[in-house]
Amino acid sequence: MTRYSAFTLFREGLRGHKGWPQAWRSPAPKPEYDAIVIGGGGHGLATAYYLANNHKITKVAVLEKGWLGGGNTGRNTTVIRSNYFYPESAALYDFGVKLYEGLSRDLNYNIMFSQRGMIVTAHSEHDMEMAARQTNAMRLNGVDAELLDRDQVLKRIPLANTRPDCRHPIHGGVLQPRAGTGRHDAVAWGLARAADARGVDIIQNCEVTGFITEAGRCVGVETSLGPIRAGVIGAATAGHSSVIAQMAGLQLPITSYALQAFVSEPLKPVMDTVWLAPPFGTYFSQSDKGGLVIGGGLDRVPSYGQRGNLPMQETVLAGLSEMVPALAKVKLLRHWAGIVDVTPDSSPIIGPSGLDGLYLNCGWGTGGFKSIPAGGWLLAHLMATGTHHDLSRPFDLTRFPTGRLIDEGAASGIAH
Amino acid sequence: MRDDTALWDAPRDPAAPIDLGKAKLTRVQLTRQTLVSGPNVLQQTDLPLVDWPGAAPAGAYAAILRRDRVLLVNAPEAPDGWNDTAQQATSDVTDAYTVFDLTGDALPFLQRGAEITPDIPSRSVARLLFGLGVFLYRLDDGTTYRLHVPRAHAEALIQHFEKAASHT
Amino acid sequence: MTLRLPTGGLIDRSKPLRFTFDGKPHTGFEGDTIASALLASGTRILGRSFKYHRPRGLWGAWVDEPNAIMSVTLNGQTFPNCLATTTYLQDGMQARAVNAWPSARFDVKAGLDLFHRWFAAGFYYKTFMWPDWHLFEPMIRRMAGLGAVSPDHLDTYSSDQSHDRCDTIVIGGGPAGLAAAEAAAQAGQDVLLVEDHADLGGTAHQLADIEGIPTSDWITARHSAIQSAGGRILTHTTAFGIYDHGLVGLAQNGPFGTAPRLIRLRANRIILATGAIDRPLTFANNDRPGIMAVAAAAEYLARYATLPGRQIALLATTPQADTLAAQLTQAGANVTRVDPAQSPLSARGGKRLTALQAGDRTHPADTILASGGLTPLVHLWRHAGGKLDWCEHRNAFLPGTPPANMTATGAANGTFETDEALEHARATGAGTPTKRPDPKHHLTPHWPTPGSPGRQWIDFQHDVTLKDVELAARENYTSVEHLKRYTTLGMASDQGKTSNMPGLAAMAAIQGRPIPEIGTTTFRPPFVPVPIEMYRGAHSKQLWTPLKRLPLEPQHRASGAALGDYGGWLRPGWCGKGDPAEEAQSEALMARQTAAIFDASPLGKIEVIGPDAGAFVNFVYYNTIATLKPGRIRYGFMLTEGGAVFDDGVIARLDTNRFVISCSSSHVDAVRTHLEAWRQDGNDPDRIFIHDTTQHWATLTVTGPRARALLDTLDLDTDDMPHMSLRETAWNGTPLRLARVSFTGDTSFELSIRASHAPALWDALLTAAKPLDAGPIGIEALSILRAEKGFLMIGKDTDGETMPHDLGFTAPRLKKSTPFVGDRSLHTDKANAPDRKQLVGLTVPSGTPPLPTGAHLITDDTTPRSLGYVTSSYQSPTLGRPIALALLENGTDRMGDTITAWHLGKTRQATVSPPCALDPEGDRLDA
Amino acid sequence: MQIFTCPFCGPRDEREFHFAAEAGKTRPDTTGEVSAETWAAYLHAQRNDKGRTREVWMHLPCAELFLMERDSVTMEVYATHPLRKAPQ
């Protein structure tokens, strides 16, 4: 692997960039691996990377039915945060943020984690009480958080609506300074390059069509490129987790929904933070390229169609116009949708699947991107050791029969 | 503790007709509105049944809300509660819905609030308009649209129509 | 040097319009775009590229223009990133190139181009990691972005939305669209024709005549025929997307500075006649100002009577180029034909072109017109899920397997010859299935040549060159999506209209694969950028989730009450004019000392009626309701099937077959839906009916030691009314439902009367209250009163995990024998766990301030753990000390314990106490 | 914007509808012993089919609970059926 650095970039610039090697290979699948990861998105690639890096298991294949990073990893609004209420969630997501903080250097690939902070605004007295509850929870969970008053919010978001006719005037908010955005594709590519460099085979255009089981244990997969056997299998197939589960004869507590995202034409910097205004159902930030990156809630119709629907567009974009009236005149460039796994408690599922030899990392809902390194780390741990990491144990499927749901929405009113 | 009184327009006197330019919104004071539900209520009522787009007569009629529910308009008073003989539940809701007649070039106003056309009939007059639950049908003059909106949303409906008027 | 011809075009020379570009005054005519007026004036540099700040001129004449992007100010309002080619000129416009300072012609950042070799595709992924990205990001951000958005809000910039329908929508008002619309209308269809230019005709204007008729007459004839057959025509209207179930999104544009109207159009049939655009040729310095698309030059000439230049090298072999060459020559330009097959090709000159170098020949030129062939505009086809087929003869993706109810015709369908297009369009319009005509002209492909010398632009706006594509291939970013994302090819504000095809072709050539094997990226709406405002519809200000209004709102306003959003209703928070917190305190004190009147109208009044009503409410309630006697009232919970408390409130039995559920004000709609769902799922819906009569009634609560006295003055008999009973009576000849329930702990009555009679009752109560020193109170005071008693508010003192036994209501969970919603969920491991959060009170010493709501209760470890949190906290005016409610882990076992409350790093001590702080024996209830 | 067909009211805008649940779930009889697993499966397990689905929806204006068969990828609606035994 040629190291990326200012120096190599300078050198290659002088010679027309002819010396850069492939970021990853395109190998043909081998008949057997020590471990197979289904899904070449962020979580799958991170799993393979950490299997190789943390557990020295390098005979690993990542099977991707399309192009790597083409699922939700390449379709999200790039927010990275850990502003969670419950200790279990906070520990999990903050682990993700911490891994992100070092990820560019770990991978030798600039994933542009921009810790510009995220503000969740409060718009009423009741919101402020909940904001206090949230801020205190975060701080007790060891996550950075500040409770902002109205002026402090407006200082950070000068364009915010302060007109007297604003339906939901800003009262204050919760700031997580370490939250921010990352370059989503770069996360997938950086992980792919680093995993590949450690010997992992990343096999694109290889669709898993079934599981090979022997004596009740999963020992391999059927794919569009033929059967591949493996010692252990992990699935990280957000949006399609139920499809994979059906192949294994399982049902998951997951419903798939389309989640839309929007980007505007590029603008000179107008917005320095990530802002979620819950009563408007909208959040946005500004990318380094200058586009406003806008997101909101789920479409209301369960869907595997990777395209958005007008009612939610109206809600989200109207929300943005209300949050910052000056942006109403900005033009929308593109909108698209990803398919997300939604669990009853909006928390992920990490753990054994119910089929021996098959582990799951799914159910991240709208929050998968921020957890890519954490999800990969934990699935790799499970696959390598056969046991839970302490951070993933609460997120096992057994929480459903025991009733031990981790329902952030129920507790804190925080949108996922 | 925030005083938001000024954020909200004071509700208009609903008795005064509202000029929408190409259309007019007039408050209708009905004698009575009665919810009647029952497994056979559509067969049992002897009042004219009104659906969408419908043609409501001047006197009493029964607007169909569901497969087992009608809203009786200007029907004789009936006791609230369960009528075991008729197998019907009855509730007086006269004050629950504010009623307007929309006259003039009405359809463009309605089409701002929903995908709506008189060309596609419906057995029920219940629908969402501007996101508000309403009962909507035509009178038998063929041009007047009658709207029942939950009283608490009457002001919002007026504002929606006024906003539409600014664009028509 | 003016390039404007003395005659011709669609412009109105009698209406000159003055405008400025980068501060310099110019004049154009009515009918001009900013771009055409600048071109006519001889302005060559209209913008700068995103990355290298290369000087750029016009490539296109309409939506495919990648370069001429401007901030435009008119009447003091500035709009960023306006495309000069689609912005119709208005008098007084001030246009300024974005991403350039002080002007597009002299841009201080032009020097960046010198360092281009280090700004190759994805260079930023390889550096800026040490010490940290944060060090570099601000600089990168300042460099990026196009226009600056002004911070002003434009009140006049307000969107409209409508829904519409038709039998057939024809998208595109060029020759094919006009012909198709006419045929469809004459076949009796209700037709809507939309065209994104302000005038009809499309490329027809480039032709002198069509079907033997002068073009303008031909267009007029089609227009009249469509209209007389009942068809409708919308010009200046863009179909920007097609959504599920065939919904077409239309943006109907008005004058500059107004927001387009969004029309959601439902059609039984969609005919796509969106035409085609020219694609660039890829050669060295092909981004120089003065290099323009053949199709664009034809448009400037036909519509705006403007030559693209005087000395023109025409680098194309298409039939369209043949036509144009003759027209340009006739108009006085000097045209040299150059075969693009010659190589190498390169443009000479910098800000101004001097020549086209083709092989070893130098063709002097101030303008190069280039075409690599036409690309059908199939965006909407793809939005709707239509497939694409690759055509070797046209070197283009054409509409293949169609989506439901959609047909393509004309150039959008790959038919670039007018007569054939018209024939196909007419048949399509009439509904006759028709095969696509074979092309007369077989295009010789001129795709990018990997390895060829010079800087060759693929994406003009984003500065993606052939070398960048080669780099992406070298690094294995070969999937078409990786190529796009790694190089940013096709992600500029023109959305790849000019760059996608050359980009795909370049990757195909590098890999030696056929183009269709590379595939295309997803075509995403909107087809052209549309303002965010357009999507807003009616959702603004008050109409963004409008609040519900009380029958007594006029009375509250008249009395000066402070109104606010409480649970979706606009309600009085407090009634006096003083300091809000003090008003709430004194109102609460009045309620305890004399009596208070509270507008409780939003409380739910959902009737459950029918022979199975009793069994049904018994099933949907946690508590046993079956045993409730007529005329009596019970407090209870409804649970979710997951066992969490969903709503609380009282339920009254009016008679054997009729109950009325008084659910929380903010929950009425949710409870009604919840009940309806259960009614139809597992119960007999013919024997249970749910009537939401909430808004028929207004409810006024009278509470306090003098409540009875107050009601006596209204001749309302409260004798023999025990607590939790109900009586149907009358007041002033109107039915009145009198319920004795208490949310304050004092004697209380709820008076429910028809909403239209509420003002009279309200006035009577206020009049009667005066001599008693009683009066109205708002919801803030009520919140204090109920907290003193430890009465909870759903959603404030509970969360989505709270179960009834956490609130002290344990019996039904253990003893209720019949099934109820959520029953089994109350016995999971977690439901049975000893560490559940339970509702408790907290006591702090008098004289200290109330605990902050939202403070956590923590363990006393060095790393403290949260045990719960304060959910309600007030100064109690009655007790003269702070009170608080909290959800606390294992709270009932901690009664009397001292616990630490933690708020933003500061701690205080509190004592765990029962939730009820006032009158725990309940003596006041019957005082 | 999709069009769903309420079995009683006919075709209406999707905004009038509320997704209730997958079809085919039966509430366990809680008068007897119900295992934690059975209850959790009833509450939470989903087929979540990609492609043809059978779901229960509510048409909010008329509160009708009905069965809808549709495709979760193409969004095509195949049919809607009333859940009531005797459609009128």
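Below, chain A is the first sequence line, B the second, and so on; all start at residue 1. Atoms considered below: every heavy atom in the structure, side chains included; atoms not considered: hydrogens, waters and symmetry mates.
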Check: [Y] and [X] side chains under 4.5 Å, non-hydrogen atoms:
| X | Y | result |
| --- | --- | --- |
| A:Gln306 | A:Arg75 | yes |
| C:His903 | C:His856 | no |
| A:Phe85 | A:Arg133 | yes |
| C:Phe79 | C:Leu154 | yes |
| C:Thr853 | A:Met128 | no |
| C:Pro531 | C:Tyr157 | yes |

Given heavy-atom pairs under 4.5 angstrom as the criterion, report whether the side chain, backbone, both or neither of [X] touches chain A.
| X | answer |
| --- | --- |
| C:Ser159 | neither |
| C:Tyr124 | both |
| C:Lys541 | both |
| C:Gln161 | side chain |
| C:Leu247 | side chain |
| C:Met491 | both |
| C:Ile858 | side chain |
| C:His462 | side chain |
| C:Ser493 | both |
| C:Asn832 | neither |
| C:Ala148 | both |
| C:Leu471 | side chain |
| C:Thr78 | backbone |
| C:His539 | both |

What part of [X] gets within 4.5 angstrom of chain C, counting heavy atoms only: side chain, backbone, both, or neither?
| X | result |
| --- | --- |
| A:Gln115 | both |
| A:Asn108 | both |
| A:Leu320 | side chain |
| A:Phe280 | both |
| A:Asp288 | both |
| A:Pro344 | neither |
| A:Ser287 | backbone |
| A:Met138 | neither |
| A:Ala188 | neither |
| A:His123 | neither |
| A:Arg404 | both |
| A:Leu159 | side chain |

Checklist entry - Restricting to pairs with a member in residues 318-329 of chain A, which pass salt bridge (charged side-chain N to carboxylate O under 4.0 Å, His left out), not counting sequence neighbours? => result A:Glu322-C:Arg536, A:Lys329-C:Asp152
Checklist entry - Between C:Leu857 and C:Leu887, what is the shortest heavy-atom contact and its length? => result CD1-O, 4.5 Å
For chain C, the option from [options] that forms the most heavy-atom pairs under 4.5 Å:
| options | result |
| --- | --- |
| A:Gly308, A:Gly319, A:Pro401 | A:Gly319 |
| A:Gln313, A:Glu265, A:Met112, A:Arg139 | A:Met112 |
| A:Arg25, A:Lys289, A:Glu314, A:Glu129 | A:Glu314 |
| A:Gly16, A:Ser26, A:Gly290 | A:Ser26 |
| A:Ser114, A:Ala145, A:Ser5 | A:Ser114 |
| A:Leu292, A:Leu68, A:Asn205, A:Val263 | A:Leu68 |

Checklist entry - Has A:Arg183 got its NZ or CZ under 6.0 Å from the middle of the six-membered ring of A:Phe113, at an angle within 45 degrees of the ring axis? => result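 Judged by the rule (NZ or CZ under 6.0 Å from the ring centre, within 45° of its axis), A:Arg183 is not positioned above A:Phe113.
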Checklist entry - Can A:Arg105 be said to sit on top of C:Trp130's aromatic six-ring, NZ or CZ under 6.0 Å from centre and within 45° of the ring axis? => result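 Because its charged atom sits under 6.0 Å from the ring centre and within 45° of the axis, A:Arg105 does stack over C:Trp130.
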Assert yes or no for the condition that the ring centre distance of [X] to [Y] is strictly below 6.0 Å.
| X | Y | value |
| --- | --- | --- |
| C:Tyr477 | A:Trp24 | yes |
| C:Phe123 | C:Trp118 | no |
| C:His383 | C:Phe523 | no |
| A:Tyr109 | A:Tyr4 | yes |

Checklist outcome for this item: Rounded to the nearest 0.5 Å, the CD atom of A:Glu12 sits from the CG atom of A:Leu14 at a distance of 9.0 Å
Pick from [options] with the largest number of heavy-atom pairs that fall under 4.5 Å of chain A:
| options | result |
| --- | --- |
| C:Leu543, C:Thr127, C:Asn81 | C:Asn81 |
| C:Tyr125, C:Tyr535, C:Phe527 | C:Tyr125 |
| C:Phe136, C:Phe119, C:Phe115, C:Phe128 | C:Phe128 |
| C:Pro525, C:Pro151, C:Ala473 | C:Pro525 |
| C:Ser150, C:Ala833, C:Gly385 | C:Ser150 |

Checklist entry - salt bridge (charged side-chain N to carboxylate O under 4.0 Å, His left out) between C:Arg485 and C:Glu481: does it pass, once the steps are laid out? => result CA-CA 6 Å; C:Arg485 290 154 183 262; C:Glu481 283 286 347; 3.1 Å; yes
Salt bridge or not for [X] and [Y], using N-O below 4.0 Å?
| X | Y | answer |
| --- | --- | --- |
| A:Asp272 | A:Arg116 | no |
| C:Asp244 | A:Arg307 | yes |
| A:Arg163 | C:Asp155 | yes |

Next on the checklist: Tell me every residue that passes side chain to side chain donor-acceptor pair (under 3.5 Å) with A:Arg3, counting only those two or more places apart in sequence or in another chain.
Outcome noted: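 Partners of A:Arg3 under the side chain to side chain donor-acceptor pair (under 3.5 Å) test: none.
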Checklist entry - Going through the distances and angles, do A:Asp106 and A:Tyr100 end up as a side chain to side chain donor-acceptor pair (under 3.5 Å)? => result CA-CA 9 Å; A:Asp106 289 348; A:Tyr100 262 120; over 6 Å; no
